[in-house]
Number of protein chains: 2
Amino acid sequence: MDTQSVSMRTKLESYRASCGGNLANCPVREVMANLSGKWASLLLLLLAEQPLRFGELRRLVPDISQRMLTQTLRDLQRDGYVRREVFPTTPPSVEYSLTDLGRSMFEPLRGLLQWAEGNHTAVRTARTSYDELVR
Amino acid sequence: MDTQSVSMRTKLESYRASCGGNLANCPVREVMANLSGKWASLLLLLLAEQPLRFGELRRLVPDISQRMLTQTLRDLQRDGYVRREVFPTTPPSVEYSLTDLGRSMFEPLRGLLQWAEGNHTAVRTARTSYDELVR
DNA sequence: CGGTATCCTCGAGGATACTG
DNA sequence: CAGTATCCTCGAGGATACCG
């Protein structure tokens, strides 16, 4: 076994250790669950760019329902990624922005999004070639 | 605007450009969708450690149903992340392993998983403190 | 061993209407 | 403007049984 596979194994065993030996009921899975929704990563991406108001987010993501925008933002706020600030204007305006925790988490998430941005054609290609084989 | 925010804005505008101007129907979202399932990232994590057979994965992830294991593996294979090899033993054995594309994608994904591993307590804390406020 | 096939549940997510 | 409240749909995911 070379040094590379040793270091990889080490990392993963530490991850498995954090799951209490078995992978069911793992805290990492709990965290990932809330980032795995249809809208979470997209909203985080936009908020990483700049703070945005509710209506601005709505316009930027035209196909999100008002209900899911509210709910996803609330979940992100609950997990500590997003801060919600109400300004007593008339009518009231509400601004959403990333917290420090959110910014910290978005760093690796951005890496994944950038991979997706750079490699989605390869994925598409694999997908169609697989579909042709199975037909 | 300092140089940092300039570089950030640049990256994000390139992402938005890859979505054809609007964020609906975005290829990045399409890629992310398949990584966002309940089991995908966990299986990728295990396969990044070493190739594994169907039954081994089942034992490692005790709470996955046979149906979802089959289906998630097929989806990952379809997107080009996972290779499936059948060995003509009796009874037949099937080994799953990461492709080059899968390994490439798992690099940033590992970053996110490691963040989750290192910060799940902070998330938990945020969650309970939020729940106490709302009650 | 490594799957399909079937049936079922439940919750994510959508549509629409209403409100402080 | 920024939400709730309601109702509804649909598909992810589970349980069980069968199969090459």
Side-chain angles (χ1 to χ4, degrees), chain A residues 23-26 29-30 32-44 46-47 51-79 82-97 130 133-135, chain B residues 23-26 29-30 32-44 46-47 51-79 82-97 130 133-135:
Chain A
L23 290 173
N25 221 257
C26 164
R29 280 170 65 178
E30 216 172 298
M32 292 300 292
N34 295 60
L35 301 175
S36 292
K38 186 174 178 180
W39 305 110
S41 64
L42 182 54
L43 294 182
L44 287 166
L46 293 169
L47 293 176
L52 288 167
R53 293 177 51 188
F54 187 87
E56 295 176 318
L57 282 167
R58 255 200 119 175
R59 276 184 294 280
L60 286 169
V61 189
D63 57 341
I64 195 175
S65 68
Q66 198 172 27
R67 198 178 92 81
M68 287 315 294
L69 181 53
T70 304
Q71 183 177 307
T72 306
L73 285 170
R74 206 191 303 116
D75 292 347
L76 292 175
Q77 186 193 354
R78 188 172 104 100
D79 281 12
V82 161
R83 170 174 36 249
R84 176 181 187 271
E85 283 174 295
V86 183
F87 297 102
T89 57
T90 48
S93 60
V94 181
E95 187 176 274
Y96 293 90
S97 56
Y130 178 93
L133 288 182
V134 190
R135 279 273 285 110
Chain B
L23 289 172
N25 220 256
C26 166
R29 281 170 64 180
E30 215 171 300
M32 293 299 293
N34 296 60
L35 301 175
S36 293
K38 186 174 180 181
W39 305 110
S41 66
L42 181 54
L43 295 182
L44 288 166
L46 293 170
L47 293 176
L52 288 167
R53 292 176 52 187
F54 188 87
E56 295 177 319
L57 283 167
R58 256 201 118 172
R59 277 184 293 280
L60 287 169
V61 189
D63 57 341
I64 194 173
S65 67
Q66 198 172 26
R67 196 176 96 78
M68 286 315 294
L69 180 53
T70 305
Q71 183 178 305
T72 307
L73 286 170
R74 205 191 303 115
D75 291 346
L76 293 175
Q77 186 192 355
R78 189 171 104 100
D79 280 12
V82 161
R83 171 176 35 251
R84 177 182 186 269
E85 283 173 295
V86 183
F87 297 103
T89 57
T90 50
S93 60
V94 180
E95 189 176 274
Y96 293 90
S97 56
Y130 177 92
L133 288 182
V134 191
R135 277 275 288 107

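Letters A, B, ... mirror the listed sequences (proteins, then strands); counts begin at 1.
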Short side-chain N/O contact from [X] to OP1 or OP2 of [N], under 4.0 Å:
X	N	result
A/Arg67	C/dC18	no
A/Arg53	D/dA2	yes
B/Tyr96	C/dG3	yes
B/Arg84	C/dG3	yes

Looking at [atom1] of [X] and [atom2] of [Y], how far apart are the two atoms once the value is rounded to the nearest 0.5 Å?
X	Y	atom1	atom2	result
B/Asp79	B/Arg74	CG	CZ	12.5 Å
B/Thr72	B/Trp39	OG1	CH2	8.5 Å
A/Tyr96	A/Glu56	OH	CD	12.0 Å
A/Ser97	A/Gln77	OG	CD	10.0 Å
A/Leu73	A/Leu47	CG	CG	7.0 Å

Whole angstroms only, please: what is the [atom1]-[atom2] distance between [X] and [N]?
X	N	atom1	atom2	value
B/Leu57	C/dC1	CG	P	14 Å
B/Ile64	D/dA12	CD1	C1'	12 Å
A/Phe54	C/dG20	CZ	P	17 Å
A/Gln71	C/dG14	CD	P	10 Å
A/Asn34	C/dG11	CG	C1'	14 Å
A/Phe87	D/dG3	CZ	P	13 Å
A/Lys38	C/dG14	NZ	C1'	9 Å
A/Leu69	C/dG14	CG	C1'	13 Å

Taking the minimum atom-to-atom distance to the side chain of [X], which one of [options] wins?
X	options	result
A/Gln66	D/dC1, D/dG14, D/dT4	D/dT4
A/Arg74	C/dG14, D/dG13, D/dT4	D/dT4
B/Thr70	C/dG13, C/dT4, D/dG14	C/dT4

Practice prompt. Hey, which sits more toward the 5' end of DNA chain C by its nearest nucleotide, A/Arg58 or B/Glu56?
Written response: B/Glu56

Practice prompt. Select from A/Gly37 and B/Pro91 the residue whose nearest nucleotide in DNA chain C is closer to the 5' end of that strand.
Written response: B/Pro91

